[in-house]
Amino acid sequence: ASPARRTCRPRRMLSRGTFFAPAQDQRPPRHLGRLRQVIVNLVGNAIKFTDQGEVVIEVVEESRSADEIMLHFAVRDTGIGIPTEDQSRIFDKFATVEYRDNPRLTPSTGIGLAFCKLAIEAHDGRIGVASEMGEGTRFWVRLPLAEPSVAGHRLSSKPAA
Ligand code: ADP
């Protein structure tokens, strides 16, 4: 399946704050609230650490059985990247990266990604990151969803002001 995509300039994307997974039907999945928070965290980070280029959300339904959908989604950006030595600890609580060249980016609590990992793993999913300094970052999530109708739900219905 090809990914469902919205490509926007980061600021525009922030002001829209909405995307759709491929439509099937309208029944909401059980864990939608937390999935939405994970996406908001990942997109927020992508926008924060990307000055130019793009932030793209990819959504792919990897497989589907009678009672489960395997959803794969990713948030990828063309931002500053995460140093290789930090990538393995970036999901730890309070883990932050020090940007000596850009102190404006350093203040951070390091809670967002720890929350994402907890939320995804609590629902038998997996989360990971691939990043190249100066090229960008791609956070991916694989998440089994029990309700076959999840792919059609609108993940956020309210455009941001
Ligand atoms: P916080 O909750 O403080 O935003 P996170 O846990 O979300 O912290 O992120 C921790 C750190 O991971 C950030 O301070 C940043 O250094 C790095 N990081 C997260 N997402 C990205 C990204 N898309 N590009 C570059 N660095 C990132």
Side-chain angles (χ1 to χ4, degrees), residues 2-22 29-62 70-145 150 154-161:
S2 65
R5 277 186 186 180
R6 289 279 156 103
T7 305
C8 334
R9 297 181 56 203
R11 299 293 162 201
R12 287 253 176 92
M13 175 174 236
L14 186 60
S15 69
R16 284 187 195 164
T18 293
F19 81 96
F20 294 87
R30 249 186 303 151
H31 313 306
L32 190 64
R34 266 172 243 168
L35 178 58
R36 179 188 290 140
Q37 271 178 275
V38 169
I39 293 170
V40 165
N41 265 317
L42 296 179
V43 171
N45 279 345
I47 291 168
K48 178 176 172 187
F49 293 103
T50 303
D51 280 339
Q52 53 184 328
E54 61 186 18
V55 173
V56 177
I57 299 170
E58 303 170 354
V59 185
V60 177
E61 183 187 297
E62 263 187 16
M70 183 61 76
L71 193 68
H72 182 116
F73 70 86
V75 177
R76 98 178 136 72
D77 64 57
T78 54
I80 59 176
I82 300 173
T84 314
E85 64 270 22
D86 292 314
Q87 287 174 27
S88 56
R89 60 173 197 94
I90 207 77
F91 296 100
D92 295 348
K93 266 180 281 179
F94 312 123
T96 59
V97 177
E98 195 184 332
Y99 298 97
R100 286 192 202 89
D101 304 343
N102 197 343
R104 179 181 69 84
L105 294 177
T106 300
S108 165
T109 60
I111 287 296
L113 291 175
F115 162 80
C116 291
K117 188 173 164 78
L118 276 172
I120 295 298
E121 290 185 349
H123 297 108
D124 300 321
R126 298 204 51 207
I127 184 168
V129 64
S131 184
E132 195 77 49
M133 285 305 282
E135 299 289 317
T137 301
R138 183 172 185 273
F139 283 94
W140 57 265
V141 171
R142 283 188 86 227
L143 187 66
L145 291 163
V150 63
R154 188 172 181 166
L155 294 174
S156 167
S157 52
K158 278 186 291 182

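Each ligand, and each atom within it, is numbered from 1 in the order the structure gives. None of these values were measured; they are calculated from a predicted model.
Residue contacts with ligand 1 for Leu113 involve both N, CA, C or O and side-chain atoms from C-beta outward (heavy atoms, distance under 4.0 Å).
Closest approach of Val55 to Ala46, counting heavy atoms only: CG1-CB, 3.8 Å.
If you number the atoms of ligand 1 from 1 as listed, the ones under 4.0 Å from a heavy atom of Gly81 come out as 25 (C). Against a heavy-atom cut-off of under 4.0 Å, Gly110 is close to the following atoms of ligand 1: 1 (P), 2 (O), 3 (O), 6 (O), 8 (O). Taking every heavy atom of Ala46 and a limit of under 4.0 angstrom, the matching atoms of ligand 1 come to 23 (N).
Residue nearest to atom 23 (N) of ligand 1, selected from Thr137, Asp77, Ile111: Asp77 (by heavy-atom distance). Checking Asn45, Ile80, Val75 against atom 4 (O) of ligand 1, the nearest heavy atom belongs to Asn45.
Two residues are said to be in side-chain contact when any heavy atoms from C-beta on lie closer than 4.5 Å; Ile39 and Phe73 meet this criterion. With contacts defined as side-chain heavy-atom distances shorter than 4.5 Å, the pair Arg126/Trp140 qualifies. Proximity of Phe139 to Asn45: side-chain heavy atoms (C-beta onward) are nowhere separated by under 4.5 Å. Proximity of Leu42 to Leu113: side-chain heavy atoms (C-beta onward) are separated by under 4.5 Å at one or more points. With contacts defined as side-chain heavy-atom distances shorter than 4.5 Å, the pair Phe91/Val129 qualifies.
Using a 4.0 Å cutoff on heavy atoms, Phe139 counts as a contact of ligand 1. Taking 4.0 Å as the cut-off, Gly79 does not count as a neighbour of ligand 1 on heavy-atom distance. In this structure, Asn41 falls outside the shell of residues with a heavy atom less than 4.0 angstrom from ligand 1. In this structure, Gly44 has no heavy atom closer than 4.0 Å to ligand 1.
By the neighbour-count criterion of 12 heavy atoms within 6.0 Å, atom CD of Glu62 is densely surrounded, having more than that number from other residues, nucleotides or ligands.
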**Pair Thr137-Phe49, side-chain contact (heavy atoms from CB on, under 4.5 Å): steps then yes or no** = CA-CA 9 Å; Thr137 301; Phe49 293 103; over 6 Å; no

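For ligand 1, none of its N or O atoms has an N or O atom of Ala114 under 3.5 Å away. Between Ile90 and ligand 1, not a single N/O pair is under 3.5 Å apart.
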